[in-house]
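Just so it is clear, the values below take in all heavy atoms, side chains as well, and ignore hydrogens, waters and symmetry mates. Predicted, not measured: the structure shown is a model, and the values here were computed from it. Each chain gets a letter, A, B and so on, in the order its sequence line appears, and its residues count up from 1.
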Amino acid sequence: MATELPSSDESLLLQIQTGNYKSFEILVRRHTTKFYNLAYRYMANRESAEDVVQMAFLKLFENPSIWNPKKKVKFTTWFYRIVVNLCIDNKKRHGALSLPESSELIDKAPLQEEEILQQEIHSLLEKEIFFLPDRQKTALILCFYEEINNIEAAKIMGISIQALQSLLMRAKTTLKEKMKEYLR
Amino acid sequence: MDNDKQFEQLMYTYKVPSASDDLADRIILAANHIKQRQSVWNWISRIFSELKLPVLSYSLASLFVIGILIGFLSYDYIYSINIEDTYEISDNTFDHFLYEDEVLL
């Protein structure tokens, strides 16, 4: 009779620390999409986002003792930080000069005016978010798109809640300014 | 307020394209080729986990090993100072001491 594997992320991590490959597989399948979404919003490039997620998980597998259960931090909170740091490192390594891909969602069929406008908004938004300062971008992505509460987002970024709210406000102000044409 | 709502709606138009279908598979496969680094403690945990021993066994096993070591060290010490030999030597020495003067006399 097969032994039933523990289901919580933290239990899976403890198993991974003892070399349990199956637990790693479960963890990856459970969380790949979530962290890919975060990485994509950061990198604005599918290939880069997939690379970052892969690097993060492989880093965890190679050295599982970087997770310290005594700190009582949720896996997702902890792993978000790893993924964000890898995004920032990747961006620095490859340079911030490459513009985000704007062709991901372009439909090759003839488009209506509304659809053209939507794509224009999408491309501009993607570009403006991409070029936000790192901390503002991180705060915006975590709180707005990942819908993480302020307390957890502040923990991920290692800052106070006030600092987080300030970053969010600045990010939104910048984006509102850039997108004002579409807000009329 | 309307402006804020409009802004939020605009922000939500930013959709993420799906990841490759095989991303998770690729990650799992790549992990196959990686040698895990484990701390000594995790290595011990792994051995005990594979042998399905309870955690308390760590302490018991350690005590057992320490006990064996002390035992071996103590055995060497006792063997090198055998009491019977010591007694014999003392006896001879004592007799020699007692009767040494008699020879001269």
* Structure fact -> Under 4.5 Å to a heavy atom of chain A? For B/Glu8 that would be both
* Asked: With no hydrogens and no angle check, is any side-chain donor or acceptor of A/His122 less than 3.5 Å from a backbone partner on B/Thr13?
  -> no
* pair B/Ile28-A/Arg29: side-chain heavy atoms closer than 4.5 Å -> yes
* Asked: What part of A/Leu175 gets closer than 4.5 Å to chain B, counting heavy atoms only: side chain, backbone, both or neither?
  -> both
* To do: Quick one: which of A/Thr33, A/Ile121, A/Val53, A/Val28 has the most heavy-atom pairs under 4.5 Å with chain B, could you say?
  => A/Val28
* To do: Check whether A/Phe24 and A/Ile26 end up in the same hydrophobic cluster, where Ile, Leu, Val, Met, Phe, Trp and Tyr are linked by side-chain heavy atoms less than 4.5 Å apart.
  => yes
* State whether the number of non-hydrogen atoms from other residues, nucleotides or ligands found under 6.0 Å of A/Tyr21 atom OH is greater than 12. => yes
* To do: Could you tell me whether A/Ile66 atom CD1 has more than 12 heavy atoms of other residues or ligands within 6.0 Å of it?
  => yes
* Indicate, with yes or no, if A/Met179 and B/Tyr12 share a hydrophobic cluster defined by side-chain heavy-atom contacts under 4.5 Å among Ile, Leu, Val, Met, Phe, Trp and Tyr. => yes
* Of all heavy-atom pairs between A/Phe61 and B/Ile34, which one has the smallest distance, and what is that distance? -> CE2-O, 3.8 Å
* Structure fact -> Value for NE2 (A/His31) from CD1 (B/Ile27), rounded to nearest 0.5 Å, stands at 12.5 Å
* Starting from the C-alpha separation in whole Å, work towards a yes-or-no answer on salt bridge (Lys or Arg N to Asp or Glu O under 4.0 Å) for A/Glu50 and B/Arg26. => CA-CA 10 Å; A/Glu50 290 184 359; B/Arg26 279 190 277 130; 2.8 Å; yes
* To do: Say whether, by atom type as modelled, one donor and one acceptor occur between the side chain of A/Tyr145 and the main chain of B/Met11 under 3.5 angstrom.
  => yes
* May I ask you to decide if the ring planes of B/Tyr14 and A/Tyr40 are parallel, tilted or perpendicular, using 30° and 60° as cut-offs? => tilted
* For the pair A/Lys176 and B/Asp4, find out whether any cationic side-chain nitrogen is under 4.0 Å from an anionic carboxylate oxygen. => yes
* For atom NZ of A/Lys137, is the number of surrounding heavy atoms from other residues, nucleotides or ligands below 6.0 Å larger than 12? -> yes
* May I ask whether A/Leu14 and A/Leu60 are part of the same hydrophobic cluster, defined by side-chain heavy atoms of I, L, V, M, F, W, Y residues being less than 4.5 angstrom apart, directly or through others? => no
* To do: Among B/Ala24, B/Ala19, B/Ala30, single out the residue with the greatest number of heavy-atom pairs under 4.5 Å to chain A.
  => B/Ala19
* **More than 12 heavy atoms of other groups within 6.0 Å of A/Asn68 CG** => yes
* Give a yes or no on whether the backbone of A/Ile16 and the side-chain of B/Gln36 come within a donor-acceptor separation of less than 3.5 Å. => yes
* To do: Any chance you could measure B/Ser20, atom OG, to A/Arg46, atom CZ, to the nearest 0.5 Å?
  => 4.5 Å
* To do: Could you tell me which portion of A/Tyr36 (side chain, backbone, both or neither) has an atom closer than 4.5 angstrom to a non-hydrogen atom of chain B?
  => side chain
* Structure fact -> So CD of A/Glu62 and NE2 of B/His33: to nearest 0.5 Å the spacing works out to 14.0 Å
* Treat each ILVMFWY residue as a node, draw an edge where side-chain heavy atoms are under 4.5 Å apart, and state whether B/Phe64 and B/Phe72 are in one component. => yes
* Asked: Are A/Met157 and A/Ile161 connected in the hydrophobic side-chain network, where two residues link if heavy atoms are under 4.5 Å apart?
  -> no
* Is chain B contacted by the side chain of A/Leu58, its backbone, both, or neither, given a heavy-atom distance below 4.5 Å? -> both
